[in-house]
Amino acid sequence: MNVIIIGAGIGGLTLALELHDAGIRARVYEAAPHIKPLGVGINILPHASRVLARHGVVDALAAVGVVTRQAAYYNRFGQLIYLEPAGRHAGYDYPQLSLHRGDMQQVLLGAVRDRLGSDAVVMDHICTGVDQDENGARASFRSTADDTPLPSQRADVVIACDGIHSVVRKQFHPDEGDGVYSGVNMWRGATTSESFLTGATMVRAGWLTTGKMVIYPIRKADHEGNQLINWVAEVETPRRLRRDWTREGDLADFIDRFEDWHFDWLDVPALIKATDAVLEYPMVDQDPLDRWSFGRVTLLGDAAHPMVPRGSNGAGQAILDARALREELARGGDVVQALQAYESRRLPATAQVVLANRRNPPDAILREVWQRTGDRPFANAEDVISSKELDAISANYKAVAGYSHEALRDGA
C-alpha cells in the first residue's frame with residue numbers, strides 16, 4: 001500500500017509515523033516552501049501523548065516544552081476557583097505537554113525524516129484537488145512559491161491533513177460555507193517572563209463577556225528563571241475576521257479589558273505588553289460533517305473537524321485520528337472499506353468534542369462562577385460552587401474528549 005498525506009502539520013506528521021510503524025509506505029506533501037516555527041502554544045493531553053509515546057518522541061517533546069503539572073481556574077479578580085492536577089501528576093501514565101507549536105512540529109518532522117527518509121516530506125506542494133478511479137487516487141499540486149503547476153502524484157489512498165482551509169474538504173463539500181463564529185475573538189502571543197505559580201501551571205481566568213485569559217508556559221525556565229509564556233485573550237465581540245493564524249493584532253483592541261489584572265501571582269497586563277508580536281484570530285469552528293471519506297480519499301484533523309480552541313484538544317484529536325486510521329489500514333483489507341471504518345470510529349467521537357467545545361468545555365467552570373457571583377469577588381469559592389460540581393464539570397469534558405482515566409484504561 002502507498003499513501004499520500006497532504007499537509008505536514010501535527011496530524012499529517014503523526015500519521016506518517018503511524019503508517020511507517022505499520023509497514024505502510026507514505027509520503028507527505030506540504031504547501032509551505034520551508035517549515036518555520038509558526039504559531040504559539042499548544043497542549044497535548046494524555047490520550048494523545050500515549051499515541052506519541054509509541055513512537056518514542058515524548059521525551060524529545062518534553063525536552064523542548066513543559067510537562068504540565070496542574071490546571072488552575074481564577075476569576076478576573078485573581079481569586080482561585082479550582083485547582084486540579086494534570087497528566088502524570090493526576091495519575092495518568094502519560095503526561096500533559098505544553099509546547100510551542102513550531103517546536104512540536106520540528107520534533108515530529110525530524111522523526112519522520114529519520115525513519116522514513118530525507119525525502120519523506122516534500123515541500124512547496126500545495127494541493128489543488130484530488131481525483132480517483134478503481135485502482136488508485138491522484139493528488140494535483142502547484143508550487144506555493146511561484147504558482148507553477150507541479151507533477152501530480154498517485155497512490156492507493158490520499159489523506160487530507162490540510163487544515164482549516166482544506167482544499168480537499170471544500171472539493172467534497174463545496175456548499176458548506178464559512179465557519180460558525182462563536183461570538184468570541186482571540187488575541188494571542190508568547191512572552192519571555194519570570195516563571196509564575198509552579199512554572200508548569202495552565203491558568204484559565206475571567207470570563208468571555210468581560211475578558212478571559214488562558215496563560216501557560218511553553219518552554220522550560222532558563223538559568224535566570226525566565227520562561228516563554230503563552231497567553232490568549234478571549235473577548236465576546238461582533239468583530240469577525242477571516243481565519244488566518246498569522247494575522248497581526250493590535251493591543252489597543254483588547255488591552256483595556258485586562259488593565260487591572262495585577263495579581264500577586266502574575267501581572268497580566270505587563271505580560272501582554274511585553275510581547276513582541278500579537279496575533280488575532282476569530283474563535284470559529286465548522287458544523288460536524290455527515291461524511292469524511294469518499295472512495296480512496298478521506299479527511300483528518302482540522303480538515304475533518306475544526307473546533308474552537310477551548311478544550312486544549314484540537315491537536316490531540318488529530319493524533320487520535322492518525323492512530324485510528326493506521327489501525328484500519330493495517331488490517332490489510334479493502335482500502336475503501338478501511339477509510340469508511342475509520343470514519344465510523346472517529347466522526348461521531350470528534351463531533352461530540354466539537355459540540356462540547358461550543359457548549360461545555362473545561363472553562364464552563366468560569367462561566368458558572370461568573371453567573372452565580374454576578375461578576376463580583378467572593379468570600380469563599382465553596383459558597384459559590386461546590387467541589388463536587390467543579391469535579392463533575394471537569395470529568396464530563398474528559399469523558400467526552402476521550403481522556404478520562406476510564407477511557408484510557410478501556411482503550412489500552
Side-chain angles (χ1 to χ4, degrees), residues 4-15 28-40 42 101-102 104-105 121-131 139-147 149-150 152-153 158-182 184-186 188 239-249 279-294 297-310 313-315 317-319 321-322 346-347 350-351 353-354 357-358:
I4 288 173
I5 300 170
I6 300 171
I10 305 304
L13 293 172
T14 302
L15 179 60
V28 184
Y29 292 85
E30 165 59 33
H34 307 282
I35 290 184
K36 300 177 181 178
L38 299 176
V40 276
I42 192 171
R101 183 188 181 280
M104 180 172 186
Q105 188 178 26
V121 180
V122 183
M123 309 302 297
D124 192 30
H125 274 62
I126 185 167
C127 180
T128 57
V130 296
D131 60 83
S140 299
F141 298 97
R142 63 177 173 81
S143 167
T144 307
D146 59 19
D147 204 34
L150 296 170
S152 60
Q153 302 294 326
V158 174
I159 313 299
C161 309
D162 50 342
I164 56 173
H165 298 300
S166 171
V167 169
V168 178
R169 178 180 176 127
K170 188 171 182 60
Q171 176 179 330
F172 289 120
H173 297 277
D175 301 321
E176 182 182 19
D178 289 337
V180 179
Y181 180 49
S182 66
V184 176
N185 204 59
M186 299 183 294
R188 58 193 307 170
R239 176 189 183 95
R240 179 186 173 181
L241 303 171
R242 185 176 185 270
R243 292 175 286 181
D244 179 358
W245 287 114
T246 63
R247 176 180 287 109
E248 292 186 7
L279 302 176
E280 179 178 2
Y281 192 82
M283 194 176 281
V284 175
D285 65 11
Q286 302 277 155
D287 289 329
L289 295 172
D290 59 350
R291 62 184 297 194
W292 299 346
S293 300
F294 297 80
V297 182
T298 196
L299 309 174
L300 185 148
D302 282 346
H305 45 74
M307 56 188 66
V308 293
R310 289 179 62 190
N313 219 351
Q317 292 300 318
I319 291 167
D321 289 348
R346 293 297 298 154
L347 192 154
T350 55
V353 179
V354 169
N357 279 13
R358 288 182 185 177

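Sequence positions, counted from 1, serve as the residue numbers for this chain.
- A 4.5 Å side-chain heavy-atom check between Phe172 and Val130 finds at least one atom pair inside the cut-off.
- Rounding to the nearest 0.5 Å gives a distance of 9.5 Å between CD1 of Ile42 and CD of Gln105.
- Looking only at side-chain heavy atoms (C-beta outward), Glu176 and Arg169 come within less than 4.5 Å of each other.
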| task | Report the C-alpha distance between Val284 and Val180 in whole Å, list the side-chain angles of each, state the deciding distance to 0.1 Å, and finish with yes or no for side-chain contact (heavy atoms from CB on, under 4.5 Å). | result | CA-CA 5 Å; Val284 175; Val180 179; 5.6 Å; no
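- Nearest heavy atoms, Gln286 versus Val354: O-CG1, 3.8 Å.
- For the pair Thr350 (side chain) and Leu347 (backbone), a donor-acceptor distance under 3.5 Å is present.
- By the ring-ring contact (aromatic ring centres under 6.0 Å, His included) test, Phe141 pairs with Tyr29, His125, sequence neighbours left out.
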| request: Might you work through the side-chain contact (heavy atoms from CB on, under 4.5 Å) test for Gln317 and His305, ending with a clear yes or no? | output: CA-CA 9 Å; Gln317 292 300 318; His305 45 74; 3.7 Å; yes
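- Within the 4.5 Å cutoff, the side chain of Met186 has heavy atoms near those of the Pro309 side chain.
- In plain terms, the two heavy atoms of Ala318 and Gly11 that are nearest each other are CB-CA, 4.0 Å.
- Considering only heavy atoms from C-beta on, Ile6 stays 4.5 Å or farther from Ile159 through its side chain.
- Distance alone, capped at 3.5 Å, places no donor-acceptor pair between the Asp321 side chain and the Leu300 backbone.
- The CZ atom of Arg142 lies 7.5 Å from the OG1 atom of Thr128; values are rounded to the nearest 0.5 Å.
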| Would Met283 and Arg310 count as a side-chain contact (heavy atoms from CB on, under 4.5 Å) if you check the C-alpha gap in whole Å, the side-chain angles of each, and the deciding distance to 0.1 Å? | CA-CA 9 Å; Met283 194 176 281; Arg310 289 179 62 190; 3.4 Å; yes
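- In terms of heavy atoms, Leu15 sits closest to Cys161 at CD2-SG, 4.4 Å.
- Residues Val168 and Val297 have side chains in contact (heavy-atom distance under 4.5 Å, counting atoms from C-beta outward).
- For the pair Val158/Ile5, no side-chain contact is recorded, criterion being any heavy-atom separation below 4.5 Å from C-beta on.
- With sequence neighbours left out, Arg101 forms a salt bridge (charged side-chain N to carboxylate O under 4.0 Å, His left out) with no residue at all.
- By the 4.0 Å N-to-carboxylate-O rule, Lys170 lies too far from Asp162 to be salt-bridged with it.
- For Arg291, there are no salt bridge (charged side-chain N to carboxylate O under 4.0 Å, His left out) partners, not counting sequence neighbours.
- The two residues Ala8 and Leu13 have their closest heavy-atom pair at O-CD1, 3.4 Å.
- Across all non-hydrogen atoms, the minimal contact from Leu289 to Trp292 is CD1-CD1, 4.1 Å.
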| task | Could you check Glu280 against Asn185 for side-chain contact (heavy atoms from CB on, under 4.5 Å), going step by step and ending with a plain yes or no? | result | CA-CA 8 Å; Glu280 179 178 2; Asn185 204 59; 2.9 Å; yes
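- Of all the heavy atoms in Ser143 and Asp124, the pair that sits closest is OG-OD2, 2.8 Å.
- Thr144 OG1 to Leu150 CG: the interatomic distance, rounded to the nearest 0.5 Å, is 8.5 Å.
- To the nearest 0.5 angstrom, His173 atom NE2 is 9.5 Å from Ser166 atom OG.
- Between Ile35 and Met123 the shortest side-chain heavy-atom distance falls below 4.5 Å.
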